[in-house]
Amino acid sequence: MSHPARMNYIQITQPGGPQVLQLQQADVPQPDQHEVLIKVHAAGINRPDVIQRAGKYPMKPGMSPVPGLEVAGEVVGSGSAVSGFNLGDKVCALTNGGGYAEYCVVPATQVLPIPDGVDMIQAAAIPETFFTVWANLFELGQAREGATALIHGGTSGIGTTALMLCKALGIKAFATAGSEEKCEQIRALGAEAINYREADFAKVIAEKTQGKGVDVILDIMGGSYFDANVASLARRGRLVIIGFLGGGSVKDFNLLSLIDKQASVTGSMMRSRSAAEKAEIARAVQANVWPLLSQGQCLPIIDRVFPLADASKAHQRMEDGEHIGKIVLKVL
C-alpha cells in the first residue's frame, strides 16, 4: 500500500507548557521486521504525554521523543517477520511513543484489531487506558468478582475505564472526584462517589465497609494519599500506585499499619515494561475485554476531540482537570 514520504507530526520543541507542542514535518517511519506501520486516524491523550512534554518523564533508550502512547488507524505496511495482519486492516495499538503523527510504527505484538462496532475515535482511547487498568487493577491488584475497589480520579480516562470494568466484572467500586458533576458521572457508571473536597475518603470507606476497608486501591496520586490509602485497605489488601500527581515520596510513614494488615504496595509504568510484558497484557486484554467492547459494554467515554494541529489545546484541557473521560486527537 503506497503512502507519502513525509508526514505531519507533533514535536515537543522544548520542555514546557502546552505551547511547546508544534506541528512539524518529518519522514514517514519505516517498520523494522517485527513492526507494523499504521496510518493514524486518531490518537489518545494520556497523562504521561503531559509529563513527557514538561521534561519530567524518565525517557529510556528506544522511546520515541514524539508523544502519543495509543493510536487507531489502518495497517499500511509491516516488517518481514510480521504475520496475522493485512494491508488495510483496521487496528488500534499501544505504541512506544510516536502516536501524535500521521503515521506510526508499533511492535506487532501491541497491535489489536478494532472490536466490532467501535469507531476510530473510541478505538484510539482504548489501548493505553485499558492495558494500564488491566495490568494494574486486575493483574497486580488481583481484583476479582465479589471484591471491593477504590479508584482515585474516577472521571479520568483511567478512572472511567476502571469503573466500567468493575461494574461489568462484578466488583463493587468506590471512586473519588472533586466536583458534584464528576460525582454524578461516577454514580452513572455504577460506583459510589466520594467528593474529596468535602469528605475524608478514608473515613467514608471505613463507614461504607463497616471498618473492613477495600480489597484493592488504584491510585494516581502517590505520596499525598499514601497514609489514607493504607488506612482504607482491608486485611491483605493491595495498593497499586500508577501516578504521582500528589508527589513521589512519603515521609514519616508508620510501617506497622501496613504490616498489621499484611497489605502490599506495588505499581508500574506501562511504557517502561518490556516488549514481552506488553505482548502478554495485549493477549489478556483481547481475551477478557474485547468481548465486552464488541457487545457495546465499557466503551470509552470521550470528553473532547481536537485536530492534530491543536495538540496544545488538548494538553491544556487535560491540565485544566475539567475533563471527564478521554481526550482524543483526530488525525485523519
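Being a predicted model, the structure only gives us computed values, none of them experimental.
With a 6.0 Å radius and a threshold of 12 heavy atoms from other residues, nucleotides or ligands, Glu184 has its CD atom above the threshold. Enclosure of atom CZ in Arg236 is not indicated, since only 12 or fewer non-hydrogen atoms of other residues, nucleotides or ligands lie within 6.0 angstrom. Heavy-atom neighbours of Gln19 CD from other residues, nucleotides or ligands within 6.0 Å: above the threshold of 12.
Each salt bridge (charged side-chain N to carboxylate O under 4.0 Å, His left out) pair with one or both residues in residues 266-289, not counting sequence neighbours, appears once here: Arg273-Glu277. Residue pairs that meet the salt bridge (charged side-chain N to carboxylate O under 4.0 Å, His left out) test with at least one member in residues 76-88, sequence neighbours left out, do not exist here. Under the side-chain hydrogen bond (donor to acceptor under 3.5 Å, both in side chains) criterion, no residue pair touches residues 194-203, with sequence neighbours excluded. Applying the salt bridge (charged side-chain N to carboxylate O under 4.0 Å, His left out) test to residues at least two apart or on different chains, the pairs with a partner in residues 19-48 are Arg6-Asp27. Applying the side-chain hydrogen bond (donor to acceptor under 3.5 Å, both in side chains) test to pairs two or more places apart or on separate chains, those with a residue in residues 103-116 are Asn96-Gln110. For residues 153-169, no pair satisfies side-chain hydrogen bond (donor to acceptor under 3.5 Å, both in side chains), with sequence neighbours left out. Judged as a salt bridge (charged side-chain N to carboxylate O under 4.0 Å, His left out), the pairs with a partner in residues 206-232 (not counting sequence neighbours) are, in order, Glu192-Lys208.
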Donor-acceptor pairs under 3.5 angstrom involving side-chain atoms of residues 289-298: please list them, not counting sequence neighbours.
| residue | atom | partner | partner atom | Å |
| --- | --- | --- | --- | --- |
| Trp290 | NE1 | Pro113 | O | 2.7 |
| Ser294 | OG | Trp290 | O | 3.1 |
| Gln295 | OE1 | Gln297 | NE2 | 2.9 |
| Gln295 | NE2 | Pro291 | O | 3.4 |

Could you pull out every donor-acceptor pair under 3.5 Å between side chains of residues 320-332 and any protein atom, sequence neighbours left out?
| residue | atom | partner | partner atom | Å |
| --- | --- | --- | --- | --- |
| Asp320 | OD1 | Gln316 | NE2 | 2.9 |
| Lys326 | NZ | Asn46 | OD1 | 2.8 |
| Lys326 | NZ | Glu70 | OE2 | 2.5 |
| Lys326 | NZ | Thr129 | OG1 | 2.7 |
| Lys330 | NZ | Leu332 | O | 2.7 |

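Using modelled atom types, no side-chain atom of Asp310 and backbone atom of Phe306 make a donor-acceptor pair closer than 3.5 Å. A donor-acceptor pair under 3.5 Å links the side-chain atoms of Gln52 to the main chain of Pro65, judged by distance alone. In this structure, the side chain of Lys261 does not engage the main chain of Ala234 through any donor-acceptor pair within 3.5 Å. A distance-only check finds a donor-acceptor pair linking the side chain of Asn136 to the backbone of Thr132 [under 3.5 Å]. Thr266 places no side-chain N or O within 3.5 Å of a backbone atom of Ile241 that could act as its donor or acceptor partner. At least one donor-acceptor pair closer than 3.5 Å links the side chain of Asp89 to the backbone N or O of Asn86.
Here the closest non-hydrogen pair linking Gly154 and Leu163 is O-CD1, 3.6 Å. For Cys104 against Gly97, the heavy-atom pair with the smallest separation is SG-O, 4.0 Å. Across all non-hydrogen atoms, the minimal contact from Ile171 to Arg144 is CG1-O, 3.1 Å. Among all heavy-atom pairs drawn from Gly153 and Ile220, the shortest one is CA-CD1, 3.9 Å. In this structure, Val240 and Gly141 approach most closely via the heavy-atom pair CG2-CA, 3.8 Å. Nearest heavy-atom pair, Pro300 versus Met164, reported as atom, atom and distance to 0.1 Å: CA-CE, 4.3 Å.
Cluster annotation: Leu255 and Leu233 are assigned to the same hydrophobic cluster (Ile/Leu/Val/Met/Phe/Trp/Tyr, side-chain heavy-atom contacts under 4.5 Å, transitive). The hydrophobic cluster containing Ile45 does not contain Leu245, counting ILVMFWY residues as joined when their side-chain heavy atoms lie under 4.5 angstrom apart, directly or transitively. A continuous path of hydrophobic side-chain contacts links Val66 to Val76 [ILVMFWY only; heavy atoms under 4.5 Å]. Hydrophobic cluster membership differs between Val285 and Val106, with clusters built from Ile, Leu, Val, Met, Phe, Trp and Tyr side chains linked at under 4.5 angstrom. Under a hydrophobic-cluster definition in which Ile, Leu, Val, Met, Phe, Trp and Tyr are linked whenever side-chain heavy atoms come within less than 4.5 Å, directly or via other members, Val71 and Ile114 are assigned to different clusters.
The closest side-chain heavy-atom distance from His315 to Val50 is below 4.5 Å. Ile301 places a side-chain heavy atom less than 4.5 Å from the side chain of Gln185.
Note that the CD1 atom of Ile12 and the OH atom of Tyr100 stand 8.0 Å from one another [nearest 0.5 Å]. One finds the CD atom of Gln122 at 6.5 Å from the CD1 atom of Ile302 (value rounded to the nearest 0.5 Å). Remark: Gln22 CD to Ile10 CD1 distance equals 8.0 Å, nearest 0.5 Å. A distance of 5.5 Å separates OG in Ser268 from CG in Leu140, rounded to the nearest 0.5 Å. To the nearest 0.5 Å, atom CG of residue Leu69 and atom CZ of residue Phe131 are 12.0 Å apart. Between atom CD1 of residue Ile151 and atom SG of residue Cys166 there is a gap of 5.0 Å, rounded to the nearest 0.5 Å.
Phe130 is linked by a ring-ring contact (aromatic ring centres under 6.0 Å, His included) to nothing, counting only residues two or more places apart in sequence or in another chain. The side-chain contact (heavy atoms from CB on, under 4.5 Å) check on Ala177 picks up Lys182, Cys183, Ile186, with sequence neighbours excluded.
Through chains of ILVMFWY side-chain contacts below 4.5 Å, Met63 is grouped with Ile51, Tyr57, Met59, Met269.
Applying ring pair (Phe, Tyr, Trp, His ring centres under 6.0 Å) to His152 and the options Phe226, Phe244, Tyr225 leaves one that passes, Tyr225.
Relative to the ring axis of Phe174, Lys172 places its NZ or CZ within 45° and under 6.0 Å from the centre.
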